[in-house]
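The shown structure was predicted, so the numbers you read here are calculated from the model rather than taken from an experiment. In each ligand, atom 1 is the first atom listed, and ligand 1 is the first ligand listed.
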Amino acid sequence: MKKFAVFGNPIAQSLSPTIHQMFAKSCAEDISYQKIEAPLDSFEATIDSFLATPQTVGCNVTAPFKERACAMAKHKDDAVMMARAANTLMRNKKGELCAFNTDGIGLVADLTNNGLNLQGSKVLLLGAGGAARGVVHPLLNAGVEHLHILNRTVEKAQAIAEDANNPKVTAVKPEQLFTDYDVVINSTSASLSGTLPAVPDAVLANCKLAYDMVYSKDNGATIFMAHAAQLGAAKQLDGLGMLVEQAAAAFSIWTGKQPSTASVIEYLRNH
Ligand code: ATR
C-alpha cells in the first residue's frame, strides 16, 4: 500500500483524502491518505518523519505551511519558485526533497474543462498573495495574452509582474482595466471573510466568467460569485474544480497515472 497525507493546521476540513481515494480507486492503486494536523512549531520535523516512513510516496501541504514546504525543498518546480510556496512534496531516488505547486495547473485545467479557451485570452487576476503568484506561469503557459493583476496593495501586484518578467503580465490600477476580460479570477482571501475585493462593476458585468478560487462549504455561490451574477457576468464558478484538478496533478506526479476528475467533481458537488 502506498502512503500519502495532507498536512495543515487546521486540517479537519480537508477534502483531499476523499479525492485521492477516489482517484486511487479509478487508477487501481491501493493507497492510504491521512489528514494530519502538523504543530505550528514543528512542521518540518513532522514532514521529515512522515516521508521517512516505509511505503510513504509523498504528501500535500496546505495553509499555513506552503511557504515552509517550499523552504525545506532542495528541488523546486517553476511554479514553486514563482509562488515561493509548495503544495506537493516527494523525495527523489537520491532521497532529496522535491517540491511542486500544482495549484496553477489545477486552475488552468478547470477553466479549460469549463469551456474557456485561454489561448490569446484576457485575464484579470484579483489579489497578489501566494495564491496569485502560484497561477501566473501556468496561465502564461496556457496562452494567456494579457494577464492583468489588480491588488489592494499595488506594490505587491507590481512585485509579481516584475518577478514574472514577461510583457504579458501587468500590475494595473483601476483606471487601466479593460472591460472585456474573458475571465476575472478572485485569488484574494476576501471571500473567506465574507468581503469583496474592490473591482469596478463594469469589469465584472462584462466578463465571460467570474471565477472564485475558493469554494463555499454549503456548495452555494461565494459572495464574489453572487456579486458577479447580480451585476450580469455571463457565468460564475467556484474553486472546487481547481481543488480536484490540483489534486489530480499531484496524484500524477506521485504515481505517473492521470486520474479522471469529472466524476470526482460531480460527486463532491452532490455531497
Ligand atoms: P494567499 O497566500 O492565500 O494568497 P495572502 O498571501 O495573505 O494569502 O494574500 C491574500 C491576498 O488577498 C492579498 O493580495 C490581499 O491584499 P493585500 O495584498 O492588499 O493585503 C488580498 N485580500 C485579502 N482580503 C482582502 C479584501 N478584503 N479586499 C481586497 N483584497 C483582499
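In this structure, Phe23 and Phe251 have perpendicular ring planes: the angle between them is above 60°, well past the 30° mark. Tyr33 and His20 have parallel rings, their planes meeting at less than 30° on a 0 to 90° scale where 60° marks the start of perpendicular. Ring pair Phe65/Phe43 is parallel by interplanar angle, where below 30° counts as parallel and above 60° as perpendicular.
The shortest N or O to N or O distance between Ala198 and ligand 1 is not under 3.5 Å. Considering backbone and side-chain atoms alike, Ala128 places an N or O below 3.5 Å from some N or O of ligand 1. Between Thr188 and ligand 1, a contact under 3.5 Å exists for no N or O pair. Between Thr153 and ligand 1, an N or O atom pair is found at a separation short of 3.5 Å.
In this structure, atom 7 (O) of ligand 1 has its sub-4.0 angstrom surroundings free of protein heavy atoms.
For CD of Gln230, the number of neighbouring non-hydrogen atoms (other residues, nucleotides, ligands) closer than 6.0 Å is 12 at most. Within 6.0 Å of CD on Glu37 lie more than 12 heavy atoms contributed by other residues, nucleotides or ligands. For Tyr267, the OH atom is loosely surrounded, since the number of other residues' heavy atoms within 6.0 Å does not exceed 12. Around NZ of Lys168, the count of heavy atoms belonging to other residues, nucleotides or ligands within 6.0 Å exceeds 12.
Atom 29 (C) of ligand 1 has as its closest protein heavy atom Pro197 CA, 3.8 Å. Summary of contacts: the protein heavy atom closest to atom 3 (O) of ligand 1 is Ala131 CB, 4.0 Å. If you check which protein heavy atom lies closest to atom 16 (O) of ligand 1, you get Asn151 OD1, 3.3 Å. Taking atom 5 (P) of ligand 1 as the reference point, the nearest protein heavy-atom neighbour is Gly129 CA, 4.0 Å. Counting protein heavy atoms only, atom 2 (O) of ligand 1 is closest to Gly130 N, 3.2 Å.
In the model, Asn60 has a side-chain atom that pairs as donor or acceptor with a side-chain atom of Thr88 under 3.5 Å.
Side chain of Asp212 to main chain of Met225: no donor-acceptor pair is present (N/O by atom type, distance under 3.5 Å, no hydrogens or angles).
Considering only non-hydrogen atoms, atom 12 (O) of ligand 1 lies nearest to Ser189 out of Pro64, Ser189, Gly127, Ala132.
Both the backbone and the side chain of Arg152 come within contact range of ligand 1, each with a heavy atom under 4.0 Å.
Each of the atoms 27 (N) of ligand 1 lies under 4.0 Å from some heavy atom of Thr195.
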